[in-house]
Amino acid sequence: MPHAPMPDFPAGFRWGVSTSAYQIEGAADIDGRGTSIWDTFARSPGRIADGSSGDVACDHYHRYAEDIALMAGLGVTAYRFSISWPRVLPTGTGAVNANGLDFYERLVDGLLGHGIDPVATLFHWDLPQRLEETGGWLDRDTAYRFAEYADLVAARLGDRVKLWITLNEPFIHMSLGYGTGEHAPGRTLLFDAFPVAHHQLLGHGLAVDALRARSGSPIAIANNYSPVRPIGSSEADVAAAAAYEALHNRLFTDPLLGHGYPAELGFDDAVVRTGDLDVIAAPLDVLGVNYYNPTGVRAPEADSPLPFELVPLEGYPRTAFDWPVAPDGLRDLLGWLHRRYGAKLPPIQITESGCAYPDAPDAQGRVHDPDRIAYLDGHLRAVRAAMADGVDVTGYFVWSLLDNWEWAEGFTKRFGLVHVDYPTGRRTPKSSYAWLREVIATARRERAR
Ligand code: IFM
């Protein structure tokens with residue numbers, strides 16, 4: 001087992017695990033939940049690698065108490081989950097499903113009863129299908145519906161949720177959902193998907209206002225970042241790397257932190273109305289950073305529709321997703337955010353960090369996942385090193401508590417600290433769970449001294 005003793009983390013550092021509603025809850029047609037774009041997408045032939053859906057997933061809707069007990073056993077101080085918009089508002093707007101709000105209230109109260117801070121994400125990609133039928137995030141109106149939904153949730157839970165996260169990875173939702181069509185709702189607009197970026201950000205800004213009016217708790221957004229590694233040093237390669245940097249790492253963060261949209265992307269910004277950028281730049285208390293891997297980029301072929309080409313990075317171990325394991329990328333990324341945004345950068349929490357491996361029980365029913373231990377060890381050290389470099393990082397959430405339904409990959413990718421046997425729902429903590437429990441216990445003991 002690794003490794004040298006983990007460097008100390010300061011008192012108050014938040015130790016957490018993350019999940020999202022559609023990936024774990026199941027209960028898709030139960031207690032009045034409406035249909036989301038992911039129900040529709042997953043039920044369409046050929047969309048999901050193993051033909052599965054999140055209809056049952058980890059059945060967390062019924063097993064949430066068992067999952068809270070697993071978190072308590074792990075010793076985390078926070079749990080990041082997402083609220084399913086169609087479970088609360090089945091058609092996205094209008095009539096409220098009381099059962100939906102009741103479920104999240106039971107979850108939140110159960111967490112608080114175990115001393116675990118509830119961290120609630122309001123949108124983790126499961127848009128109500130009825131809103132997709134009126135244009136989804138291509139339609140400005142969806143931003144206003146999102147703010148109403150935020151207001152409704154905060155009216156019920158605003159006194160108990162300890163950190164709000166408006167959107168999860170709006171870049172991924174825009175690019176895979178509306179750009180390339182690999183995710184729901186399956187649109188293939190490429191660069192014409194820009195209105196989706198703007199309307200998500202507008203929804204975020206409007207939701208920040210609604211949340212502030214109802215809740216004294218801090219507010220964040222969780223962005224996905226990937227440090228860019230230029231492949232080649234020609235002028236064209238450097239320009240390609242800068243274009244990808246602007247798209248992946250700056251498109252959302254620049255306007256959130258008051259810089260407006262990166263001009264070099266040359267988007268048609270006809271959808272941006274006077275005052276929108278001020279709404280979007282509403283002060284944030286925390287920046288959520290989801291990090292998985294760096295990206296290699298070089299100049300595209302002459303006939304490419306894109307201003308860059310993505311290239312696999314050599315020389316790193318790889319996860320089951322074939323993503324390079326590169327903790328140095330996390331330290332670089334945190335340093336880049338710190339340098340680029342300076343005083344405008346709020347404290348950071350790593351809202352997702354994790355890896356998929358094909359973990360399976362051995363003959364004794366134990367699940368050994370040494371690669372995940374090495375992954376988490378490396379990434380925690382990278383966070384600590386960035387903090388020593390001067391970056392204000394106040395928490396780290398592992399993706400994920402449980403093996404779960406991994407979007408277009410279905411059940412084929414396991415990210416959990418806890419193994420899930422999908423046919424029975426049985427949970428088995430992996431060796432990474434025991435390892436992390438020790439890390440957290442040691443850190444919390446140290447800070448109690
Ligand atoms: O499972 C996803 C999660 O929903 C969003 N961030 C990346 C994870 C792993 O792909």
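Source: prediction; values computed, not measured. As the structure lists them, so they are numbered: ligands from 1, and atoms in each ligand from 1.
Under the 3.5 Å distance criterion, with hydrogens and angles disregarded, no donor-acceptor pair is assigned to the side chains of Y22 and S82. Looking only at atom types and distance, the side chain of N168 has no donor-acceptor partner in the side chain of T121 under 3.5 Å away. Remark: the N224 side chain and the H248 side chain contain an N/O donor-acceptor pair separated by less than 3.5 Å.
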Discussion item. Walk me through whether R80 and I165 qualify under side-chain contact (heavy atoms from CB on, under 4.5 Å).
Written reply: CA-CA 9 Å; R80 176 182 173 228; I165 297 180; 3.5 Å; yes
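With Y341 as the aromatic partner, R250 does not meet the cation-pi criteria of under 6.0 angstrom to the ring centre and within 45 degrees of the ring axis.
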Check ligand 1 for close polar pairs with the protein: N or O on both sides, less than 3.5 Å.
from     : atom 1 : to   : atom 2 : distance (Å)
ligand 1 : 1 (O)  : Q23  : NE2    : 2.9
ligand 1 : 1 (O)  : W399 : NE1    : 3.3
ligand 1 : 1 (O)  : E406 : OE1    : 2.6
ligand 1 : 4 (O)  : Q23  : OE1    : 2.7
ligand 1 : 4 (O)  : H124 : NE2    : 2.8
ligand 1 : 4 (O)  : W407 : NE1    : 2.8
ligand 1 : 6 (N)  : E169 : OE1    : 3.3
ligand 1 : 6 (N)  : E169 : OE2    : 2.8
ligand 1 : 6 (N)  : E352 : OE1    : 2.5
ligand 1 : 10 (O) : E406 : OE2    : 2.6

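Proximity of the aromatic rings of H198 and W137 is defined here by a centroid distance below 6.0 angstrom, and this criterion is not met.
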